[in-house]
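In what follows, every heavy atom counts, from backbone to side chain, and hydrogens, waters and symmetry copies are set aside. Nothing fancy with the numbering, it's 1 onward along the sequence.
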Amino acid sequence: MKRWLARLFGAAPTGPVDHDPSPSTLPPSVAAIMPFAQEQPALDLDLAFFHWLAGPHVTGAAGDETLVLDELARLMRDPHTASTLVPRVPAVIPQVLRSLRSDAASSVDLARQVAQDAVLVAEVLREVNSPYYQPSSPVRNLEGALLLLGQNGLRMLLARVAFRRIISLQTSRLARLVAPQLWNQSEKCAQAASLLAASHGADPFEAYLAGLMHNVGLVVALRVIDGLLPTGGLPDSDAFGLRLVHAARLISAGIAGEWELPPAIGHAIAHLGDAATVSTSLPAALGEADRLAKLHMLAGGGQPAFVGAVAALPAGLRQVYDTFNDTDNTNRQDA
């Protein structure tokens, strides 16, 4: 069990990955991370999570893996086109990020920026009045939300609301069916990443955004599958699953740059699970958070290997893992 945990929360094994494009053909934001693209992602939880997601939707003969992998390789080279396959992050998110790096920015400025997106404002107010935040009296405007949450709390809520729309509002069949589980994992990963960030010398909000962002490329991959393969023809081989997950990460990293998110976010997503990543970094925090979130969802199925892995977690990681249960209980009350 200890060796298994070391593989989950330590270095990823390496090996060749097919369908990786040449760095010379990639835009700078993705070419800079291509050394990682030559490595195979961490096996255990990535593969188990892929099969957990895909299994219920494999109902017919597997389609042509090559068609999908070739198209994902093309989208890795073209993050702009990849970004058109998902709803764009609201413009207010990059604006808020820029203003938070300005010493002159105020709470009034933040509220004014958010107010530009009426739909986002409505969702923020609905969220802030939920049992999750437990306001003593109803919050009716953004100024009230700021008083309750503070700037850091409000920006995290803004990001969560914005990315939930991106992942959940899907029209293609497979992406729509998988979206609830994918959002659940993204939210848990973001929560864990923000909690682990300080111990890795990373910014908690950038870690939170990276957790929300890292599955966007997987949504793109699911849309590609919907467009190229017959219903029920999702390939479920180990080799295909590993390559799809790996390509999806690089697509997420490219889209993060396309959306003008801080460069550290795309870098962290691309290097998630990288054996060369130092322990005091955003990629390391994101990697641990991603694996904890996947472990929580897989252990929920009661499989002994995953339940045993939870029991053997080091104290610090177990403390973060247990926050998922608190959030799940609150979300059930809200539902």
Side-chain angles (χ1 to χ4, degrees), residues 1 3-9 12-19 39-69 71-72 167 170 172-189 192 211 214-252 269 272-273 287-310 313 321 324:
M1 180 64 71
R3 290 182 180 178
W4 196 74
L5 282 172
R7 292 201 304 273
L8 294 185
F9 294 94
T14 61
V17 176
D18 296 336
H19 299 278
E39 298 179 359
Q40 188 167 314
L43 298 177
D44 302 281
L45 285 179
D46 282 347
L47 189 57
F49 189 70
F50 167 74
H51 286 309
W52 182 77
L53 280 178
H57 310 294
V58 179
T59 58
D64 188 344
E65 297 181 2
T66 303
L67 282 176
V68 175
L69 294 172
E71 178 61 11
L72 293 181
I167 292 177
Q170 296 300 317
S172 66
R173 178 182 177 276
L174 185 58
R176 185 177 66 252
L177 291 173
V178 171
Q181 293 92 341
L182 210 53
W183 170 245
N184 193 355
Q185 198 276 339
S186 300
E187 190 175 19
K188 284 180 167 62
C189 179
H214 83 291
N215 278 330
V216 170
L218 191 50
V219 174
V220 170
L222 294 172
R223 294 204 61 178
V224 168
I225 291 168
D226 271 327
L228 294 178
L229 303 183
T231 300
L234 172 63
D236 66 343
S237 70
D238 288 359
F240 174 77
L242 289 171
R243 286 164 172 76
L244 180 142
V245 169
H246 190 66
R249 283 179 182 160
L250 291 178
I251 290 171
S252 292
I269 294 169
L272 196 160
E288 285 186 351
D290 178 56
R291 292 187 284 275
L292 282 174
K294 285 174 177 171
L295 182 60
H296 188 268
M297 298 184 73
L298 292 166
Q303 295 186 36
F306 299 118
V307 173
V310 173
L313 284 172
Y321 180 94
F324 298 151

* CG/L177 to CG/L182 distance, rounded to the nearest 0.5 angstrom? -> 12.0 Å

* **4.5 Å side-chain heavy-atom contact, L234 and L229** => no

* Asked: Hey, does V68 have a side-chain heavy atom less than 4.5 Å from the side chain of P235?
  -> no

* Asked: Taking all atoms of both residues into account, what is the closest heavy-atom pair of E65 and S237, and its distance?
  -> OE2-OG, 2.9 Å

* Are any non-hydrogen side-chain atoms of P180 and W183 less than 4.5 angstrom apart? -> no

* To do: Could you name each residue pair satisfying salt bridge (charged side-chain N to carboxylate O under 4.0 Å, His left out) that touches residues 293-307, not counting sequence neighbours?
  => D46-K294, D290-K294

* Heavy-atom pair of closest approach, residues F324 and K188 -> CE2-O, 3.2 Å

* Please report the closest heavy-atom contact between A48 and F306, naming both atoms and the distance. => CB-CZ, 3.7 Å

* Minimum heavy-atom distance R291-L45, with the two atoms named -> O-CD1, 3.3 Å

* Non-hydrogen atoms of A309 and L295 that approach each other most closely -> CB-CD1, 4.0 Å

* To do: Using the test side-chain hydrogen bond (donor to acceptor under 3.5 Å, both in side chains), find all partners of S252 that sit at least two apart in sequence or belong to another chain.
  => none

* **Backbone of A54 reached by a side-chain donor or acceptor of D236 within 3.5 Å** => no

* Test log, rule side-chain contact (heavy atoms from CB on, under 4.5 Å), inputs L222 and R176 -> CA-CA 9 Å; L222 294 172; R176 185 177 66 252; over 6 Å; no

* Would you say the side-chain atoms of H296 pair up with the backbone N or O of A293, donor to acceptor, closer than 3.5 Å? -> no

* **Spacing of N215 atom CG and E187 atom CD [to the nearest 0.5 Å]** => 12.0 Å

* Asked: Going by heavy atoms in the side chains, are L244 and L218 under 4.5 Å from each other?
  -> yes

* Are L313 and L292 side-chain neighbours, meaning at least one heavy-atom pair lies under 4.5 Å? -> yes

